Amino acid sequence: RIQILFEQGMICVRRYPISAFLRQFTPQQRQAHITVLGRSFERDEDTNVTDHIIQHTERKLHLQPHHPIQIVKQRIVENMQAKYLWNNRSPLFSHHENISPIVFRSQNFDELLVPADHVSRQKQDNYFLTTDLMLRAHMTCHDSDLIKSGLDAFLSTGDVYRRDTIDRTHYPVFHQMDGVRLFSPWELEEFAKDPKKFSAFANDRDSSEKQGCHSDEAVKILEYSLKSTLVGLVQSLFGRCKYKWVETTFPFTHPSWELEVLYQDEWLEVLGCGVLKQDILLKSAVPNKLGWAFGLGLERLAMAMYDIPDIRLFWTRDPRFLEQFKMDNIHRPFKFVPYSNFTARTRDIAFWIPPNFQENDFYDFVRNSMPADTVEDIKLIDDFTNGDRRSHCYRLTYRAWDRHLTVDEANALHDVLVKNVKSVIGGEVR
């Protein structure tokens, strides 16, 4: 029996009864309460947040100086606040980056007009503290409150949480920035073809092009303002580059678009945006204003801008990663220099899946069982049915970023999963 520990940036193997290490993954041993950011919550039938996720709520990478997430955030904020000013030359956009990630379910969904049957509401995709409280899945959930506070132009940045697969580009915690700009009709009027005849609102039916309550000309003005703002922002990050707009749908904007840039000969989606649904503004006590909003992921931008190959690297405390981003000029071109190419170890696990099995339950089990995100990738390699029973076989890639994993260490890590998959998620190993 051996125990795998993560101490001082190194993976250590110690002779120790493994049962003591494994007990933390047994559901019966869970405490009746969980503590997140100093607040205690009583577990209920919807609680699914794991210790692994709770630990990440304290990190707040977007506030850490010289971290690539903080650098990308700073570049965006500087661009928006330098380019868009009030008449007194003060920044138009305020910035809010210390908002707690603990929100009501209604904030995350209802206030943003997310339909009751929308896939994004599912428990398998979110982290719930209780039936009513959760870790936010997007920064957009704060837009309504910030609008109610009297803000017309703001940026908000923070950590967001979504249950997700395990590979080099996905992680259950990442960082988003949202932006909102509201206009009074008289502000749009000055861009109209005939200001005297301009009307921001209409009484039409909703269509694929616009909301029925907005006039055609108002939507065109909003679209131009939104797209010109975001093209300028993206070019401040990537330089002059080819880009394209792709029509899409979001519950809280219409019309909506995604912006893609041509990066290293491939189209890269960098953000989503659109004209705010008027119902959101009505519920936010500003019925006579119109506006647009956008949201972007900081990890996606940082990985592209700095050639960071694995999303797990953002969470390392290894100075070989962090020291590279201590730069005097954050605007100069820079590429991350990999410092390791350590051996990958692959292991397979096959088990009969229980009723109502969700793959994200398995991914959370793996993340919560492994020290320091040692699992780099998981792939489903076999889906087998025998009568009324169904089996999945997954191939796991183990790789540490600070040293080689020995065969014995990889075996010991994998044994944790094999011995606990039944007690934790109900899977019977084949």
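What you see is a predicted model, and the numbers here were worked out from it, not measured in a lab.
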*Asks:* Could you go step by step and tell me if Phe325 and Tyr306 meet the ring pair (Phe, Tyr, Trp, His ring centres under 6.0 Å) rule?
*Replies:* CA-CA 10 Å; Phe325 294 90; Tyr306 304 128; 5.6 Å; yes
*Asks:* So, does Ser369 use its side chain to make a donor-acceptor pair with the main chain of Phe365 at under 3.5 Å?
*Replies:* yes
*Asks:* How are the rings of Trp292 and Phe183 set relative to one another: parallel (under 30°), tilted (30 to 60°) or perpendicular (over 60°)?
*Replies:* tilted
*Asks:* Start with the C-alpha distance between Tyr339 and Gln324, add both sets of side-chain angles, then the distance that settles side-chain contact (heavy atoms from CB on, under 4.5 Å), and finish with yes or no.
*Replies:* CA-CA 11 Å; Tyr339 53 83; Gln324 292 192 40; 4.3 Å; yes
*Asks:* Give the minimum heavy-atom separation between Arg136 and Ser100, together with the two atoms involved.
*Replies:* NH1-O, 3.1 Å
*Asks:* Evaluate the side chain to side chain donor-acceptor pair (under 3.5 Å) criterion for residues Asp364 and Thr50: first the C-alpha distance (whole Å), next the side-chain angles of each, then the deciding distance (0.1 Å), finally the verdict.
*Replies:* CA-CA 7 Å; Asp364 270 352; Thr50 64; 5.1 Å; no
*Asks:* Measuring from Met303:CE to Arg168:CZ, what's the distance to the nearest 0.5 Å?
*Replies:* 8.5 Å
*Asks:* Do Glu111 and Lys283 meet the salt-bridge criterion of a basic N to acidic O distance under 4.0 Å?
*Replies:* no
*Asks:* Going by the angle between their ring planes, with limits at 30° and 60°, are Tyr84 and Phe93 parallel, tilted or perpendicular?
*Replies:* perpendicular
*Asks:* Just wondering, more than 12 heavy atoms not from Asn329 lying within 6.0 Å of its CG?
*Replies:* yes
*Asks:* Answer yes or no: is there a donor N or O on one side and an acceptor on the other, between the side chain of Asp44 and the main chain of Thr131, under 3.5 Å?
*Replies:* yes
*Asks:* Dump the intermediate steps for side chain to side chain donor-acceptor pair (under 3.5 Å) on Asp167 and His170, then the final yes or no.
*Replies:* CA-CA 6 Å; Asp167 60 33; His170 293 87; 2.9 Å; yes
*Asks:* Less than 3.5 Å apart, any donor N or O on the side chain of Ser120 or His118 sitting next to an acceptor on the other?
*Replies:* yes
*Asks:* So, for Asp307 and Phe336, which heavy atoms are closest and what is the spacing to 0.1 Å?
*Replies:* O-CD2, 4.0 Å
*Asks:* Backbone N or O of Thr346 within a donor-acceptor pair of the Arg395 side chain at under 3.5 Å?
*Replies:* no
*Asks:* Between Glu323 and Lys326, does the salt bridge (charged side-chain N to carboxylate O under 4.0 Å, His left out) criterion hold? Intermediate values first, please.
*Replies:* CA-CA 5 Å; Glu323 292 289 333; Lys326 289 186 176 180; 3.3 Å; yes
*Asks:* In Å, rounded to the nearest 0.5 Å, how long is the span from NZ of Lys123 to CZ of Arg163?
*Replies:* 8.0 Å
*Asks:* Before giving the answer on side-chain contact (heavy atoms from CB on, under 4.5 Å), spell out for Trp257 and Val246 the whole-Å C-alpha distance, their side-chain angles and the decisive distance to 0.1 Å.
*Replies:* CA-CA 5 Å; Trp257 302 273; Val246 180; over 6 Å; no
*Asks:* Are any side-chain N or O atoms of Glu258 and backbone N or O atoms of Val270, one a donor and one an acceptor, separated by less than 3.5 Å?
*Replies:* no
*Asks:* Do side-chain atoms of Thr374 reach the backbone of Met370 as a donor and acceptor pair under 3.5 angstrom?
*Replies:* no
*Asks:* Might you point out which heavy atoms bring Leu268 and Ala304 nearest each other, and give the distance in Å?
*Replies:* CD2-CB, 3.6 Å
*Asks:* Rounded to the nearest 0.5 Å, what separation is found between the CG atom of Asp373 and the CD1 atom of Ile166?
*Replies:* 8.0 Å
*Asks:* Testing Lys73, His56, Gln70, His175 for side-chain contact (heavy atoms from CB on, under 4.5 Å) with Leu61, which one passes?
*Replies:* His175
*Asks:* Going through the distances and angles, do His96 and Thr157 end up as a side chain to side chain donor-acceptor pair (under 3.5 Å)?
*Replies:* CA-CA 6 Å; His96 310 267; Thr157 307; over 6 Å; no
*Asks:* Going through the distances and angles, do Phe238 and Tyr263 end up as a ring pair (Phe, Tyr, Trp, His ring centres under 6.0 Å)?
*Replies:* CA-CA 9 Å; Phe238 292 93; Tyr263 182 76; 5.6 Å; yes
*Asks:* Given the rule in the side chain to side chain donor-acceptor pair (under 3.5 Å) test, do Tyr363 and Asp361 qualify, once you have shown the distances and angles that lead to the verdict?
*Replies:* CA-CA 6 Å; Tyr363 299 144; Asp361 292 334; over 6 Å; no
*Asks:* Is it the case that the side chain of Asn420 and the backbone of Val416 share a donor-acceptor pair, with hydrogens and angles ignored and the cut-off at 3.5 Å?
*Replies:* yes
*Asks:* Is Arg367 positioned over the aromatic face of Tyr171, cation under 6.0 angstrom from the ring centre and no more than 45 degrees off axis?
*Replies:* yes
*Asks:* Tell me whether Glu247 at atom CD has more than 12 heavy atoms from other residues, nucleotides or ligands lying less than 6.0 Å away.
*Replies:* no
*Asks:* Please assess Arg390 against Asp383 for the test salt bridge (charged side-chain N to carboxylate O under 4.0 Å, His left out), listing each intermediate value before the final yes or no.
*Replies:* CA-CA 7 Å; Arg390 185 177 178 185; Asp383 189 341; 2.5 Å; yes
*Asks:* Are Phe362 and Tyr394 close enough that their ring centres sit under 6.0 Å apart?
*Replies:* yes
*Asks:* For Glu266, does the CD atom sit with more than 12 other heavy atoms under 6.0 Å from it, leaving out its own atoms?
*Replies:* no
*Asks:* If I take atom CG from residue Leu276 and atom CG from residue Leu222, how far apart are they, to the nearest 0.5 angstrom?
*Replies:* 9.5 Å
*Asks:* Do Asn360 and Asp125 touch side chain to side chain, with heavy atoms closer than 4.5 Å?
*Replies:* yes
*Asks:* I'd like to know whether OH of Tyr224 has more than 12 heavy-atom contacts from other residues, nucleotides or ligands below 6.0 angstrom.
*Replies:* no
*Asks:* For Arg162, is there an ion pair with Asp164 - N to carboxylate O distance below 4.0 angstrom?
*Replies:* no
*Asks:* Rounded to the nearest 0.5 Å, how far apart are OG1 of Thr316 and CZ of Phe314?
*Replies:* 12.0 Å
*Asks:* Do Ser207 side-chain atoms and Glu209 backbone N/O form a donor-acceptor pair below 3.5 Å?
*Replies:* yes
*Asks:* Using a strict 4.0 Å threshold on nitrogen-to-oxygen distance, state whether Glu78 and Arg75 make a salt bridge.
*Replies:* no
*Asks:* Are there more than 12 heavy atoms of other residues, nucleotides or ligands under 6.0 Å from atom NZ of Lys60?
*Replies:* yes
*Asks:* What's the separation between atom CD1 in Ile69 and atom NE2 in His62, rounded to the nearest 0.5 Å?
*Replies:* 10.5 Å
*Asks:* Could you tell me whether Asp110 and Arg105 make a salt bridge, using a distance below 4.0 angstrom between a side-chain N and a carboxylate O?
*Replies:* no
*Asks:* Under 4.5 Å between any side-chain heavy atoms of Thr140 and His138, yes or no?
*Replies:* yes
*Asks:* Answer yes when Lys379 and Asp377 have at least one side-chain N-carboxylate O distance shorter than 4.0 Å, and no when they do not.
*Replies:* yes
*Asks:* Kindly give the heavy-atom pair with the smallest separation between His66 and Met327, and that separation in Å.
*Replies:* ND1-N, 4.4 Å
*Asks:* Just by modelled atom types, is the Pro251 backbone N or O under 3.5 Å from a matching donor or acceptor in the Lys277 side chain?
*Replies:* yes
*Asks:* Could you walk me through whether Asp152 and Arg181 pass the salt bridge (charged side-chain N to carboxylate O under 4.0 Å, His left out) check?
*Replies:* CA-CA 6 Å; Asp152 281 345; Arg181 175 74 169 100; 5.6 Å; no
*Asks:* Looking only at heavy atoms, what is the nearest atom pair of Cys393 and Leu380, with distance?
*Replies:* O-CD1, 3.5 Å
*Asks:* How close do Gly295 and Asp178 get, heavy atom to heavy atom, and via which atoms?
*Replies:* CA-OD1, 3.5 Å
*Asks:* Would you call Asp204 and Lys210 a salt bridge, taking side-chain N to carboxylate O under 4.0 Å as the test?
*Replies:* yes
*Asks:* Would a distance-only check, ignoring hydrogens and angles, find a side-chain to backbone donor-acceptor pair under 3.5 Å from Arg121 to Pro115?
*Replies:* yes
*Asks:* Please answer whether the main-chain N or O of Thr169 pairs with a side-chain N or O of Glu299 as donor and acceptor at a distance below 3.5 Å.
*Replies:* no
